[in-house]
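These notes are about the structure you will find just below.
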Amino acid sequence: MPAARVEYVAPWWVVWLHSVPHLGLRLQRVDSTFNPRDENYQESLLFLGLVAAVCLGLNLVFLTAYLVCVCCCQQDGAVQTKLRKPCCVTWSAVVAGLVCCAAVGIGFYGNSETNDGVYQLIYSLGNANHTFSGIDALPPPESEPKAGPRWLPSARAGPPPSASPQVSGTTQEMTVDLERHLARLSEIFAMRGDYLQTLKFLQQMAGNIVAQLSGVPVWTGVTAELTELADQTGYVEYYRWLSYLLLFILDLVICFVACLGLARRSRCLLASTLCCGLLALLLSWTSLAADTAAAVGASDFCAAPDTFILNMTEDQLSTEVTRYYLYCGQSVSSPFQQALTVFQRSLTAMQIQVAGLLQFAVPMFPTAENELLRIQLLLNASESSLQQLTAMLDCRGLHKDYLDALTGICYDGIEGLLFLGLFSLLAALAFSTMTCAGLRAWKRCTTRDRDYDDIDEDDPFNPQARRIAAHNPPRGQLHSFCSYSSGLGSQTSLQPPAQTISNAPVSEYMNQAVLFGGNPRYENTPLIGRGSPPPTYTPSMRATYLSLADEPLRHYGHEFPA
């Protein structure tokens, strides 16, 4: 199988991020080797977060300066400038909204990639943990049913304290049962010295097996650490993924509210947009700081993962065992090869001796057959356990889990963090532009209201004439078509308007227009004086008005001949 260095090659973004200068809080150079327990290394990652905080401060200073400029500058009175400013604000808001939507799309992709990489790491850790747990939980061989009588193990029959639970159970059961069966056979073969030598040889081979299996490492501590690491990683990843999802939704909602406020020129929506935009800007720079620190730290690990693992496991596992799993290949010899070979040879020798006793001793000692058959079953079960142990201790399965974990964190995970960093930058740019556009729109709304307050109340072009007419009492008794008809309740009593109406003040006609429910317009004034209905009449009202206005003309037409 190829070596790990051939199969795993750090991607270019890992090399690029690993080459980022690592500086402490005092601006001293720090070693870029991944060492999360070192305080200086932690300060170098914190320094990257502080760089993002400084960028946030500069961004807020720029927005503050822009706000001061918007509040202090005077609007140009030229018509072209007035027409050009709304277009500039509108297009700036549109471009900022599009950039924000694009940033959210990039963020969704980066969040998904990071989540896939992290869960691939967790899955690989689970597989490795399952392998180690399988070694520890491998069932021991049995020579007789559990319900049968059991002998307590002797003092010398116990396994070495350094053996793993699986090895401990296997060697203990085999030693206890073998000790019991050999003790019974010693009584049966008491008169045969050659058979007693064979039993002593079996006991010596069993001792060799126990001595060789004592070199198998204990995996209980490794299993506990892998379980804790997988649980903590999954917990942090879940809330990280959920936080980014909520941030994406918040950004989209702010973009929608901003576009709605600019379209309706609502100062309430614009104020909400400005406040939420500043919050989103703060969250964007914060997420950029976290993504940068996480990406650089993960890249430092991915640049030399073998060195970090060797340093972390030197207290629990021997360097030879760790290198065997990290550099699995034909050129790397297994540290368990000698122990497993001695185990296999000892079992084979014991099986040969037991088969000889069954062939030559049983005809003379029939009572020894049962004990010899039980020893043979014990040796067969031990051989089956040896095959399973050999397969689990092989480096290929664990090495594949190791490569899958590196692929998940170093390829998908860091790539997703880079896309999330790009999202944070684009979102900060979009909300900065949107805040500037919102400030300009707020200034325009405030200036427009101030200009309307300076207009004369009697100016018919004043858009606030509706409020003026509603608050001012009528200056004269003037009956309009609608008011006269609604008061009498009959259309037959309507009279055409007098010609003197044309001499009434303008505000009176404005009140008439308000009564009809339409927008007050100055061009409606002469129409009332000419006996014509205002444009706000419905077709049915206009027909009734014209029919009633023609009757007096026909009635008095003969008094005024042409």
Side-chain angles (χ1 to χ4, degrees), residues 3-24 29-48 114 117-129 131-132 217 219 221-234 236-237 291-329 332 335 395 397-418:
R5 289 297 182 183
V6 177
E7 296 184 1
Y8 169 72
V9 178
W12 63 267
W13 51 80
V14 168
V15 179
W16 175 64
L17 291 174
H18 181 63
S19 62
V20 172
H22 290 62
L23 300 177
R29 192 64 181 257
V30 179
D31 187 13
S32 60
T33 303
F34 183 72
N35 189 9
R37 297 180 179 178
D38 187 11
E39 294 182 358
N40 294 328
Y41 184 80
Q42 294 176 0
E43 289 182 0
S44 66
L45 297 181
L46 181 61
F47 180 81
L48 296 175
T114 304
V118 171
Y119 275 100
Q120 186 174 354
L121 171 64
I122 296 175
Y123 181 77
S124 301
L125 292 177
N127 287 339
N129 196 10
T131 301
F132 292 132
W219 303 105
V222 177
T223 302
E225 289 187 1
L226 290 179
T227 302
E228 183 180 1
L229 178 61
D231 293 341
Q232 292 180 355
T233 304
V236 173
E237 172 59 21
D291 294 336
T292 304
V296 172
S299 298
D300 293 338
F301 167 77
C302 294
D306 302 334
T307 304
F308 174 74
I309 295 177
L310 286 171
N311 295 331
M312 290 296 296
T313 58
E314 61 181 359
D315 296 335
Q316 298 179 353
L317 299 175
S318 64
T319 305
E320 185 181 5
V321 174
T322 307
R323 292 180 65 87
Y324 170 66
Y325 289 111
L326 295 179
Y327 305 97
C328 182
V332 181
C395 66
L398 291 173
H399 182 67
K400 182 180 181 301
D401 296 334
Y402 172 65
L403 293 180
D404 292 340
L406 290 181
T407 302
I409 192 65
C410 299
Y411 280 82
D412 295 339
I414 298 181
E415 181 184 4
L417 290 177
L418 291 178

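Values reported hereafter were calculated over all heavy atoms of this structure, with side chains retained and with hydrogens, waters and symmetry mates removed. These numbers were taken from a predicted model, which means no experiment stands behind them. Position 1 is the first residue of the sequence; numbering continues from there.
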Over all heavy atoms of both residues, which pair between [X] and [Y] is shortest? Give the atoms and the distance, please.
| X | Y | result |
| --- | --- | --- |
| Q42 | P36 | NE2-O, 2.6 Å |
| V30 | G24 | CG2-N, 3.7 Å |
| C410 | V14 | O-CG2, 3.8 Å |

To the nearest 0.5 Å, what is the distance between [atom1] on [X] and [atom2] on [Y]?
| X | Y | atom1 | atom2 | value |
| --- | --- | --- | --- | --- |
| S299 | I414 | OG | CD1 | 3.5 Å |
| L23 | L45 | CG | CG | 11.5 Å |
| L326 | T313 | CG | OG1 | 7.0 Å |
| F132 | L226 | CZ | CG | 6.5 Å |
| D412 | T407 | CG | OG1 | 8.0 Å |
| D31 | D300 | CG | CG | 9.0 Å |

* Asked: Sequence neighbours excluded, which residues qualify as salt bridge (charged side-chain N to carboxylate O under 4.0 Å, His left out) partners of D401?
  -> none

* salt bridge (charged side-chain N to carboxylate O under 4.0 Å, His left out) partners of E43, counting only residues at least two apart -> none

* Hey, mind stepping through N40 and H22 against side chain to side chain contact (heavy atoms under 4.5 Å, CB included) and telling me if it holds? -> CA-CA 10 Å; N40 294 328; H22 290 62; over 6 Å; no

Heavy atoms, side chains only, cut-off 4.5 Å: are [X] and [Y] in contact?
| X | Y | answer |
| --- | --- | --- |
| L121 | L125 | yes |
| L418 | L17 | yes |
| I309 | Y402 | yes |
| Y327 | D306 | yes |
| E225 | Q316 | yes |
| S124 | N127 | no |

* To do: Give the intermediate values and the outcome of side-chain hydrogen bond (donor to acceptor under 3.5 Å, both in side chains) for residues T33 and N35.
  => CA-CA 6 Å; T33 303; N35 189 9; over 6 Å; no

* **Qualifying residues under side-chain hydrogen bond (donor to acceptor under 3.5 Å, both in side chains), relative to T319, sequence neighbours excluded** => none

* Asked: What residues, two or more places apart in sequence or in another chain, satisfy side-chain hydrogen bond (donor to acceptor under 3.5 Å, both in side chains) together with Q232?
  -> E228

* With Y41, which residues qualify under ring-ring contact (aromatic ring centres under 6.0 Å, His included), at least two apart? -> F34

* Structure fact -> With sequence neighbours left out, the residues meeting ring-ring contact (aromatic ring centres under 6.0 Å, His included) with Y119 are none

* Asked: Would you call the rings of Y8 and Y411 parallel, tilted or perpendicular, where under 30° means parallel and over 60° means perpendicular?
  -> perpendicular

For [Y], is there any backbone N or O sitting under 3.5 Å from a side-chain donor or acceptor partner on [X]?
| X | Y | value |
| --- | --- | --- |
| T233 | A230 | no |
| T114 | L417 | yes |
| W219 | N129 | no |

